[in-house]
*Asks:* 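Sharing a structure below in structure tokens format, with a few things to ask.
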Amino acid sequence: MSSKRSDRMAKRARKTGHVATRMDEASLLALFKERGRPLTVKDVLAGLGAHKVQKAQALHLLETLTQSGRIIRIQGAWGLAESMRLVTGRLEVQRSGVGYVILDDKRRKDVFVNPRDFGLAWHGDRVAVALTRHGGRNPEGRVVRVLERGVTAMPCRVERLIKPGLALCRPTDPRHLHALLLETEPGGRDPAPGDVLTLEAGEMLDHQLFAARLVESLGRETDLAVQERMVKLNHQIPGPFPERCLEQAAQLPAAPGEADLPGRQDLRGLDFVTIDGETARDFDDAILVEEDGKGFLLRVAIADVAHYVPAGSPLDREAMERGNSCYFPLSVEPMFPEALSNGLCSLNPGVDRLAMAVAIRFDASGLPGRCDFASAVIRSKARLTYEQVHAALEENGPEREALVTLMPMLRRAETLARAIRARREERGSLDFELPEPEIRLDPASGEVDIRARERRFSHRIIEEFMIAANEAVARHLTEHGAPLPYRVHPEPDPDKLETLFGVLSRTELGLSLPSEPT
């Protein structure tokens, strides 16, 4: 507290006939340590022998100590941070503005944090949180310390120029609630509102306001390439591969050699095909449906990436870090370097590729029987799209003529997929027909068209066969007593279930609902 403010407090106390008690941060902290429990402002005044006219001074000091994380506010009282129950985790801010700390101890529930209790923390920061309330769906807490910044540099939109050489900017990720002030170099060009800049946050100037340093100017917010870059930066999408990964990829052959084939089934003479979207560049799986007496033999081949990427190698560790490939209108950030993702580990047509293959026998009704698994080498006969297969099966046009040699196999695939689907529905499978966006880019004009992706049964053919292959693997491993993870959904939350039944009771389903939620 400034000496001027202390003087004003003392002057006010003398006017009211009371002697002002000297009050500072040290005396307040000493009082909290002595009492060993949370204190209200009334407790603080009584403990220091201060008069009620010094309440504003006490509140100011309490707020200062709270902002610095030395004490924590718990409803109408304050307590020493060091004596509170602290837990650590990562703060995730929702679009609504509230936050949850995902605890390092995964056995415990996430901690709800009100925006007013974020302190100096941002979305993605690793923080220490004091638990202030238990019970309810989630415990509640207050951030008392930022242990590690999730990000320091982030894409920001220029909101306005406060004056020449000083721009107010806000992160493009709405989960970041703070603002940044950028001071441009003398004689440099001022950014314009709507420009997107990568800024590095510096010292705190005020609550939720930080000084900034320019890292990179990305361009105008309306530019599609800038939008892509913003999304990648905001969601920490990995970019170029580390040098050690590129070196490992460079040592791999362009195609399988004779040394790769011993011990593998040679399935290159079979008419495997891939069916993917029009814009797909890598092909992970190939399918083939053959007649098997009165039933069917489904073959599914998956690219054998593990043959080229040993466990623990740089490529394996990088793939584990990335988790999946990310597709954007203008680019792809793959899980493996392009030499593997689009080449050696992609089941491209007309070339030899190593694969893991499963052969599953089905009766005419779609019930599975014997399964055989093998390491194999295949040679896909065609790269088909969902639209091509749909047109060939449903329309009597040029697509059917173009695929005339494959039509018997595609007809069998459709028949088998419908039978498998019918069996799944009998087992109680739920089908969520949620619309997916399809993004179309006109390279000439740069215009982007976003529409609902049309779902065809050709999509379902691949979905059903992939589920069938996964179930076959699960059955095989279970029968042989091998440990494997299952994704098991927990029982629904009783409160949410009751709310759902309340909503459904007001629809046409109301008459058929049981009296109690089940």
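We're numbering straight along the sequence, starting at 1. These numbers come from the heavy atoms of this one structure, side chains and all, not from hydrogens, waters or symmetry mates.
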*Asks:* Please answer whether the main-chain N or O of G502 pairs with a side-chain N or O of R506 as donor and acceptor at a distance below 3.5 Å.
*Replies:*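 Judged by distance alone, yes, a pair lies under 3.5 Å.
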*Asks:* Quick check for you: to the nearest 0.5 Å, what is the distance between M154 atom CE and L197 atom CG?
*Replies:*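 One finds 13.0 Å between CE of M154 and CG of L197.
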*Asks:* Are the side chain of E92 and the backbone of G99 linked by a donor-acceptor contact shorter than 3.5 Å?
*Replies:*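 Checking the backbone N and O of G99 against the side chain of E92, no donor-acceptor pair under 3.5 Å is found.
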*Asks:* Assess whether side-chain hydrogen bond (donor to acceptor under 3.5 Å, both in side chains) is satisfied between D24 and S27, documenting all intermediate values.
*Replies:* CA-CA 6 Å; D24 54 24; S27 60; 3.0 Å; yes
*Asks:* Backbone N or O of G343 within a donor-acceptor pair of the S346 side chain at under 3.5 Å?
*Replies:*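 No; zero donor-acceptor contacts below 3.5 Å.
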*Asks:* Quick check: does any side chain N or O of D493 sit under 3.5 Å from a backbone N or O of K496, one acting as donor and the other as acceptor?
*Replies:*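 Yes; judged by distance alone, with no hydrogens or angles, the pair exists.
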*Asks:* Measure the shortest side-chain to side-chain distance between D110 and P139 over non-hydrogen atoms and say whether it is less than 4.5 angstrom.
*Replies:*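 No, too far: nothing below the 4.5 Å cut-off.
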*Asks:* Grab the two heavy atoms, one from D282 and one from S341, that are nearest each other, plus how far apart they are.
*Replies:*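 Looking at all heavy atoms of both residues, the shortest contact is CB-O, 2.8 Å.
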*Asks:* If you draw a 6.0 Å radius around CG in L511, do more than 12 non-hydrogen atoms from other residues or ligands fall strictly inside?
*Replies:*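 Counting other residues, nucleotides and ligands, CG of L511 stays at 12 neighbours or fewer.
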*Asks:* V158 and A167: which non-hydrogen atoms are nearest, and at how many Å?
*Replies:*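 Nearest pair, atom of V158 first, then A167: CG1-CB, 4.2 Å.
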*Asks:* Among residues at least two apart in sequence or on other chains, which ones pass side chain to side chain donor-acceptor pair (under 3.5 Å) with T172?
*Replies:*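 Partners of T172 under the side chain to side chain donor-acceptor pair (under 3.5 Å) test: N234.
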*Asks:* Can you tell me if T40 uses its side chain to pair, donor with acceptor, with the backbone of A77 under 3.5 Å?
*Replies:*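 Not a single qualifying donor-acceptor pair exists.
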*Asks:* Distance to the ring centre below 6.0 angstrom and angle to the axis at most 45 degrees; does that hold for R322 and F241?
*Replies:*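 Because its charged atom sits under 6.0 Å from the ring centre and within 45° of the axis, R322 does stack over F241.
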*Asks:* Report yes or no: does N348 contribute a side-chain atom to a donor-acceptor pair with the main-chain N or O of F283 at less than 3.5 Å?
*Replies:*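 Side chain of N348 to backbone of F283, a donor-acceptor pair under 3.5 Å: no, none is there.
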*Asks:* Given 3.5 Å as the limit, does a donor-acceptor pair link the side chain of T499 with the main chain of D495, or not?
*Replies:*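 Confirmed, T499 side chain pairs with D495 backbone.
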*Asks:* Under the salt bridge (Lys or Arg N to Asp or Glu O under 4.0 Å) criterion, do R220 and D195 qualify, and how do the steps go?
*Replies:* CA-CA 5 Å; R220 297 295 294 171; D195 284 353; 2.7 Å; yes
*Asks:* Show the numbers, then the answer: is there a side chain to side chain contact (heavy atoms under 4.5 Å, CB included) between V226 and E228?
*Replies:* CA-CA 5 Å; V226 174; E228 271 200 13; over 6 Å; no
*Asks:* Using the side chain to side chain donor-acceptor pair (under 3.5 Å) criterion, which residues pair with D104? Sequence neighbours excluded.
*Replies:*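 Testing D104 for side chain to side chain donor-acceptor pair (under 3.5 Å), a comparison that skips the adjacent residues, returns T88, R126.
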*Asks:* Starting from the C-alpha separation in whole Å, work towards a yes-or-no answer on side chain to side chain contact (heavy atoms under 4.5 Å, CB included) for I275 and T385.
*Replies:* CA-CA 5 Å; I275 306 176; T385 69; over 6 Å; no
*Asks:* Going by an N to O cut-off under 4.0 Å, is there a salt bridge joining E159 and R157?
*Replies:*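 Salt bridge flag = yes for R157 with E159.
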*Asks:* Which heavy atom of A211 sits nearest a heavy atom of L180, and at what distance?
*Replies:*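 Taking every non-hydrogen atom into account, O-CD2, 4.3 Å.
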*Asks:* Checking R170 now: which residues fulfil side chain to side chain donor-acceptor pair (under 3.5 Å) with it, not counting sequence neighbours?
*Replies:*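 Counting only residues at least two positions away or on another chain, R170 forms no side chain to side chain donor-acceptor pair (under 3.5 Å).
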*Asks:* I'd like to know if R90 pairs up with D125 as an ion pair, taking the criterion as any Lys NZ or Arg NE/NH1/NH2 lying under 4.0 Å from an Asp or Glu carboxylate oxygen.
*Replies:*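 D125 and R90: not salt-bridged.
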*Asks:* Any chance the side chains of T478 and Y486 put a donor and an acceptor closer than 3.5 Å?
*Replies:*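 A pair is found: one side chain offers a donor N or O, the other an acceptor, under 3.5 Å apart.
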*Asks:* Are R424 and E464 close enough for a salt bridge, meaning some N to O gap below 4.0 Å?
*Replies:*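 Salt bridge between R424 and E464, a charged N being under 4.0 Å from a carboxylate O: yes.
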*Asks:* Within a reach of under 6.0 Å around CD of E516, are more than 12 heavy atoms found that belong to other residues, nucleotides or ligands?
*Replies:*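 It does not: E516 CD has 12 such atoms or fewer within range.
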*Asks:* When you check the gap from the basic side-chain N to the acidic O, do E183 and R213 get nearer than 4.0 Å?
*Replies:*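 No, this pair does not count.
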*Asks:* Closer than 4.0 angstrom, basic N to acidic O: yes or no for R455 and E463?
*Replies:*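 Judged by the 4.0 Å cut-off on N to carboxylate O distance, R455 and E463 do form a salt bridge.
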